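Encoded as structure tokens, the structure appears first; notes follow it.
Owing to the predicted nature of the structure, the values given are computational and were not obtained by experimental measurement.
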Amino acid sequence: NLFIPNPDLGPEESDTWEIGAGVDFDGIFFADDAFTAKASYYNSKVDNLIGLDVNTPLGCFFTPATAPPGLPPFLIASMPCGTGEAFGNTSQNVNIANAEIEGVEVEFAYDAEYFYTRGNVTSIDGVDVDTGEFLEGVLTPNTLFIDTGLQWAPWGLRGGVRMTFADDFTEVNDLGEERAGFIFGDIYAMWEPPIAALEGVRVDLGIDNVADTDFEIVNAGVSQPGRNFKLAVSWSRGF
């Protein structure tokens, strides 16, 4: 994909208002547990919004596994794909004269002696007011993220699961740019030895995308399967 400069790009200006509320509770189920949550809604009127105009030929990144149902393999193989303007693969920052963006954000957290959970929900919408088209390069699917697990402070142990749930993304101007929803999860464990001689030592273990889910976060024609195994040992000390 060739990124094309735009010497006529102007600065964007916006007027935004936001409203929100939060709650904070202690001692709900146990004497030392706590729950917090906050939610907000925002709306922005933007002049000269800097968006991204991405052009990718239909089928450029298709494989037999990712192509639309019913598309013959020989047709997929015949679709040319290469770098730059010759093949139509370009990206350019452009101004959108009159745009409106609105969204909702929710955050929550619960913490107790042996258990914790935290997460957030995000939703964003945006249109070009003059044309009614969706704002390409700005919008994302509705997403729920949850991080939950067990902890044992006397031993310096924590282990849990992170889950991401994304809705189908249909706020597109070209039906070929729609993306399917996805769910993927990570597992992790952390140990900080409660031993004076090992003060500052931390060991982290984890597996990202445990189920080897094939998903696509942004409209780049690139899927993201694969597991990532992680091991990290660190030591830090203040002076």
Counting distance only, does the side-chain N/O of [X] pair as donor-acceptor with the main-chain N or O of [Y] below 3.5 Å?
X	Y	result
Asn98	Val129	no
Trp191	Trp155	yes
Asn6	Asp8	yes
Thr148	Tyr116	yes
Thr131	Glu133	yes
Gln92	Leu2	no
Asn209	Gly226	yes
Asp147	Gly119	no

Hey, could you give me the [atom1]/[atom2] distance between [X] and [Y], rounded to the nearest 0.5 Å?
X	Y	atom1	atom2	value
Thr122	Asn142	OG1	CG	7.0 Å
Phe184	Met163	CZ	CE	9.0 Å
Lys38	Glu107	NZ	CD	4.5 Å
Glu178	Glu216	CD	CD	12.0 Å
Asp125	Glu171	CG	CD	4.5 Å
Arg179	Asp167	CZ	CG	11.5 Å

Less than 4.5 Å apart, side chain to side chain, heavy atoms only: is that true for [X] and [Y]?
X	Y	answer
Phe115	Phe30	no
Ile50	Asn95	yes
Asn43	Glu100	yes
Phe165	Ile183	yes
Asn48	Glu13	no

Handout entry: With sequence neighbours excluded, residues passing side-chain hydrogen bond (donor to acceptor under 3.5 Å, both in side chains) with Asp212
Key =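 Asp212: no side-chain hydrogen bond (donor to acceptor under 3.5 Å, both in side chains) contacts found.
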
Does [X] belong to the same Ile/Leu/Val/Met/Phe/Trp/Tyr cluster as [Y], with side-chain heavy atoms less than 4.5 Å apart forming each link?
X	Y	answer
Ile146	Phe35	yes
Phe108	Ile28	yes
Val106	Tyr110	yes
Val104	Val121	yes

Handout entry: Test salt bridge (Lys or Arg N to Asp or Glu O under 4.0 Å) applied to Lys45 and Asp15, step by step
Key = CA-CA 5 Å; Lys45 302 290 195 301; Asp15 293 318; over 6 Å; no

Exercise for the section: Supply the members, apart from Val138, of the Ile/Leu/Val/Met/Phe/Trp/Tyr cluster built from side-chain contacts under 4.5 Å; use none for a lone residue. Expected result: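 Its cluster partners, ordered by chain and number, are Tyr42, Val46, Leu49, Ile96, Ile101, Ile124, Val127, Phe134, Leu135, Leu139, Phe169, Val172.
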
Exercise for the section: Classify the side-chain pair Asp204/Tyr188 by whether it contains a donor and acceptor separated by less than 3.5 Å. Expected result: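 Absent: no donor and acceptor within the cut-off.
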
Practice task
Look at atom CG of Asp32 and say whether more than 12 heavy atoms of other residues, nucleotides or ligands are closer to it than 6.0 Å.
Solution key: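 Enclosed.
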
Exercise for the section: Take atom CD1 of Ile19 as the centre, draw a 6.0 Å sphere, and report whether it contains more than 12 heavy atoms from other residues, nucleotides or ligands. Expected result: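 Result for CD1/Ile19: open.
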
Practice task
Could you give me the CA-CA distance, side-chain angles and deciding distance for Thr143 and Thr164, then say whether side chain to side chain contact (heavy atoms under 4.5 Å, CB included) is met?
Solution key: CA-CA 7 Å; Thr143 304; Thr164 301; 3.8 Å; yes

Show me the side-chain donor-acceptor pairs of residues 230-239 shorter than 3.5 Å, one per line, residues at least two apart or across chains.
{"unit_1": "Lys230", "atom_1": "NZ", "unit_2": "Asp208", "atom_2": "OD2", "d": "3.3"}
{"unit_1": "Trp235", "atom_1": "NE1", "unit_2": "Glu199", "atom_2": "O", "d": "3.2"}

Handout entry: Residue of the set Glu102, Glu18, Glu105 for which side chain to side chain donor-acceptor pair (under 3.5 Å) holds with Tyr41
Key =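 Among the candidates, only Glu102 passes.
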
